[in-house]
There are 2 protein chains.
Amino acid sequence: MESTVTLDKVARQAGVSSSTVSRIINGTANVSAAKRENVLRIMSELNYHPNVLARGLASGRTMGVGVLTQDISSPFYGSTLRGIEGALQGTGYHPIFISGHWHLQEELEAIDFLLSRQVDGVIVLGGGVPDERLQEVARRLPVVVLGRSIPGLEDQCLRLDNFAGAYQATRHLIELGHRTIAHIAGEPSHRDAQDRVSGYRAALESVGLPFNPELVQPGDFHEAAGFLAATRLVESRILFSAVFAANDQMAYGVRLALHRKGLRVPEDVSLVGFDDLPGSMYTTPPLTTVQQPVEDMGRAAAQGMLRLLRGERAEVQRMDVRLVVRESTVRRRSS
Amino acid sequence: MESTVTLDKVARQAGVSSSTVSRIINGTANVSAAKRENVLRIMSELNYHPNVLARGLASGRTMGVGVLTQDISSPFYGSTLRGIEGALQGTGYHPIFISGHWHLQEELEAIDFLLSRQVDGVIVLGGGVPDERLQEVARRLPVVVLGRSIPGLEDQCLRLDNFAGAYQATRHLIELGHRTIAHIAGEPSHRDAQDRVSGYRAALESVGLPFNPELVQPGDFHEAAGFLAATRLVESRILFSAVFAANDQMAYGVRLALHRKGLRVPEDVSLVGFDDLPGSMYTTPPLTTVQQPVEDMGRAAAQGMLRLLRGERAEVQRMDVRLVVRESTVRRRSS
DNA sequence: TTGTAAGCGTTATCAT
DNA sequence: ATGATAACGCTTACAA
């Protein structure tokens, strides 16, 4: 184990005080060019790297931004994390990721973890942490929330118009002549899932189509649920010519179930998803879906955070959703 | 902003010294039951959370394990990260993720970042950091490396038998009667990609089949490359009845390209991937692929790390790969 | 412009 | 069993 190089050692080597070295590192005051040069040289000679802990302890700022996500391996949140990462890049701030696994207790602990790590701000991606807790945290440090709207923190919350997305998706199917459109719903406790059902329903009603509860199957945002739901639908002999799945992962499941039942997409059944996961461009056929600007959302959240850290307002904007028409939807065959 | 509760405040409130409180927190010495009770109560009343920075500075241990990954949003590494997370759960240690984006400079900076954050150990997932640098780091603190083998650190490196996986995949196709098997290779600079080509070639030669360079198309592990490669293959009119793609993502691209060209999988062309991504079970048809125990690998790496942190040897084992036969491969039609 | 010295919130080493 | 007190490595008034 090599001994660690401290700022003091650098100072001694350079024949200056540690404050001077600190000033040079932080650019916090004027230092004569000669000394700066010299110190800089010695720093790199000794391969000095400041101890972030000591720095954080002394200054009260750690340059860390905590990011509470639900699943580090989720294809959906992945791009958002990447967006956050990208926006923070080069700002001196670094993201610190931690997952809550859709589990309240874990989420709460994750927040405590971040706080005890003295992060300078927290970005929360969805999840179920009570509004009150987030409000509390927001009183202590900058907070930006994605996918939820917290009373009193509206300015720091970035939401997506799930209703509009679902509405567009369903309208698209209607405009292709579909009249019996099934919906595979998402995890019932999720606000997003509820909004998508509402959007679906509103679209039907906007053209006077009946809302048939039998056509709405419960799901949970995972492939298996889509598979099961579509299987049930086919086996129950309810007629439908199109399916709107509340997310792409379930759409994949639906796709496979239809395939197993000998139904072709899009010839026999049109299929729309929601999210536009990276893989949806490469399914067979490529999936028509509602695109969420997930990476942009991450970027926007991080930029809002940077603004808060600068003492400005977050001013994160509501992000728009858009339907990407690919090949899984087609005009209904006149039968 | 609420004021922070320090250990000192707790001590004062409880009428004991801060050392006593520290001892209670760390269970590092005997404290009378009465005092412990009381202090514990006050701690929760005041909602006290130890400052990890101060603790790390004083003790030299931060309970953080740095994890250098390449892409936080990669479907492949995702499960590994999750495995690491899971294995660390409840041990007091926490992972700190950082991405190198397959970019040497970034990777080196990421390592410096982790070191300056005083992590207690580092887990490296693949990437291109020079062996020497990793050896250097390993002299300072526990290091576990996934997907590479570093001279002198063999005991702390977890590798996968890519050769064997590719060999199995190719043999599987051969046993189904295929004689003209194309291979879409991975990123040429990756050791894994090279090993997979070797495995493919060895399998062919093991049954006396010729290795035809025309059947090997370059790729880079991404969907688009698979798409392009398969398109080239079909358009070049080289005959082939099966494709072994160096990873699942490229297999997806191949699948779509074949679809576009009117070739059915598996009726016209059998297809095998490598990785068994979460989505491969739900492609149409579900993909035959070489399963990597990615989550287990993460877990194993983390467990090795925990052993190192305890002062024991890492003793990470070589992990085995296995072919998962699904529906994208089928006996060759006797034509 | 530069140095001195007092923290920052813990842990760890002594005493007692 | 408990309490002073000195680190830990850095930042930041305050002086000079």
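Only this structure's heavy atoms are used, side chains among them; waters, hydrogens and symmetry mates stay out. So that the names make sense, note that chain A is the first sequence line, chain B the second, and so on, each numbered from 1.
In this structure, A:R12 places its CZ atom 11 Å from P of D:dG9, rounding to the nearest Å. B:L46 has its CG atom 14 Å from the P atom of C:dG9, to the nearest Å. Whole-Å rounding puts the A:L7 CG to C:dG7 P distance at 20 Å. Spacing between atom CG of A:N51 and atom C1' of D:dT11 amounts to 13 Å, rounded to whole angstrom units. Separating the CZ atom of A:R117 from the P atom of C:dT10 is a distance of 14 Å, rounded to the nearest angstrom. Atom CG in B:L53 sits about 13 Å away from atom P in D:dC10, given to the nearest Å. Atom CD of B:Q118 and atom P of D:dG9 are 8 Å apart (whole Å). Per the geometry, CZ belonging to B:R61 stands 21 Å off P belonging to D:dA7, to the nearest Å.
In this structure, B:V52 reaches neither bases nor backbone, as no heavy-atom distance under 4.0 Å exists between it and the strands shown.
Considering only side-chain N and O atoms, B:N30 lies under 4.0 angstrom from the phosphate OP1 or OP2 of D:dA1. Residue B:R55 places no side-chain N or O under 4.0 Å from the OP1 or OP2 atom of C:dG9. Here A:K35 reaches the OP1 or OP2 of C:dT2: one of its side-chain N or O atoms lies under 4.0 Å away.
Within residues 18-29 of chain A, the residues approaching DNA chain C are A:S19, A:T20, A:R23, by heavy-atom distance under 4.0 Å.
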(request) Step by step, work out the salt bridge (charged side-chain N to carboxylate O under 4.0 Å, His left out) result for A:R41 and A:E37. (result) CA-CA 6 Å; A:R41 215 200 50 245; A:E37 288 290 280; over 6 Å; no
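In the set C:dG9, D:dC10, C:dT2, D:dC10 carries the atom at the smallest distance from any side-chain atom of A:A54. Taking the side chain of B:T4 as heavy atoms from C-beta on, and the options C:dG9, D:dT11, D:dG9, the nearest nucleotide is C:dG9. Proximity note for B:S17 (side chain, C-beta onward) versus D:dA4, D:dT11, C:dG9: the nearest is D:dA4.
Around atom CD of A:Q317, no more than 12 heavy atoms belonging to other residues, nucleotides or ligands sit under 6.0 Å away. Atom CZ of B:R133 has more than 12 neighbouring heavy atoms from other residues, nucleotides or ligands inside a 6.0 Å radius.
For the residue pair B:L104 and B:P130, the shortest heavy atom distance occurs at CD1-CD, 3.9 Å.
Side-chain contact between A:E106 and A:I98 is absent, with no heavy atoms from C-beta onward closer than 4.5 Å.
Put simply, OG1 on A:T69 and CG on A:L125 are 5.0 Å apart, with the number rounded to the nearest 0.5 Å.
A salt bridge links A:R159 with A:D192: at least one charged nitrogen is closer than 4.0 Å to a carboxylate oxygen.
Position along DNA chain D of the nearest nucleotide to B:G15 versus B:A58 favours B:G15 as the more 5'-ward residue.
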